[in-house]
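These notes concern the structure reproduced below.
Numbering of residues begins at 1 and proceeds along the displayed sequence. Note: hydrogens, waters and symmetry copies are ignored here, and every other heavy atom, side chains too, is used. Since we're looking at a predicted model, the values are computed, not measured.
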Amino acid sequence: MIRTSILLLALALPAAAQSNAAGERPVAGSFTEDQAAKGENVFKATCASCHATSDFTGQTFKMNWIGRTVYDYFAGVKKTMPDDNPGSLSDDEYVRVVSYILSLNGYPAGKDSLSADSTSMKLVKIGPVSGDSVKPRMFK
């Protein structure tokens, strides 16, 4: 019995180490409030003439992005927007818009800034917003 327990534990350790080695982290806390606030300004100046924030929130957002990475979202926005000149914003501006959209979807800001580095963004997994206690953040 003890041998079986030790064997099962030994088999489970590499799997646990592998999932930790992947380094995935949740969206919550992966961007700052300042990034999201600046993202709102970029959205208003660049995106709002064609898009409402509702185009990127709620069920539409959930169906398209939960289970994917923040990099997937960033890369998609950068490759396609603005519609008349895709890729024309700086990486920081795209990161700010992504942060704003994440905040609109109820993900809370944290102390860490979202980086435009593709390697780090690929580690941030978009998952469901936890609980009803998290409400979308509106900036002024």
Out of the candidates V42, D92, T46, only one should pair with V97 under the side chain to side chain contact (heavy atoms under 4.5 Å, CB included) rule; please name it. V42

For a side chain to side chain contact (heavy atoms under 4.5 Å, CB included) check, start with the C-alpha distance between S103 and F31, then their side-chain angles and the critical distance, and finish with the verdict. CA-CA 9 Å; S103 72; F31 60 92; 4.0 Å; yes

Candidate pair V70 and L114, rule side chain to side chain contact (heavy atoms under 4.5 Å, CB included), full reasoning: CA-CA 9 Å; V70 169; L114 184 61; 3.9 Å; yes

Provide the full list of side-chain hydrogen bond (donor to acceptor under 3.5 Å, both in side chains) pairs with a residue in residues 72-86, sequence neighbours left out, each pair given once. T69-D72, K78-D91

Decide yes or no for C47 and P82: does some side-chain heavy atom of the first lie under 4.5 Å from some side-chain heavy atom of the second? no

Within the 4.5 Å heavy-atom criterion, are H51 and M81 side-chain neighbours or not? yes

Hey, what do you get for CD1 (I101) to CG (D55), rounding to the nearest 0.5 Å? 9.0 Å

For F43 and F56, take the angle between the two ring planes, folded into 0 to 90°, and tell me which bin it lands in: parallel under 30, tilted 30 to 60, perpendicular over 60. perpendicular

Pair up each side-chain donor or acceptor in residues 60-67 with any protein partner under 3.5 Å, not counting sequence neighbours, and list the distances.
| residue | atom | partner | partner atom | Å |
| --- | --- | --- | --- | --- |
| N64 | ND2 | T60 | O | 2.9 |

What are the two closest non-hydrogen atoms of [X] and [Y], and how far apart are they?
X	Y	answer
V98	F74	CG2-CA, 3.9 Å
V27	I126	CG2-CA, 3.5 Å
Y100	G39	CB-C, 3.7 Å
S99	Q35	OG-CB, 3.8 Å

Audit row: R25, S30, side chain to side chain contact (heavy atoms under 4.5 Å, CB included) steps and yes/no: CA-CA 8 Å; R25 59 189 184 114; S30 66; 3.8 Å; yes

Ignoring hydrogens and geometry, is there a side-chain-to-backbone donor-acceptor pair from S115 to D117 under 3.5 Å? yes

Do the side chain of Y94 and the main chain of G87 share a donor and acceptor less than 3.5 angstrom apart? yes

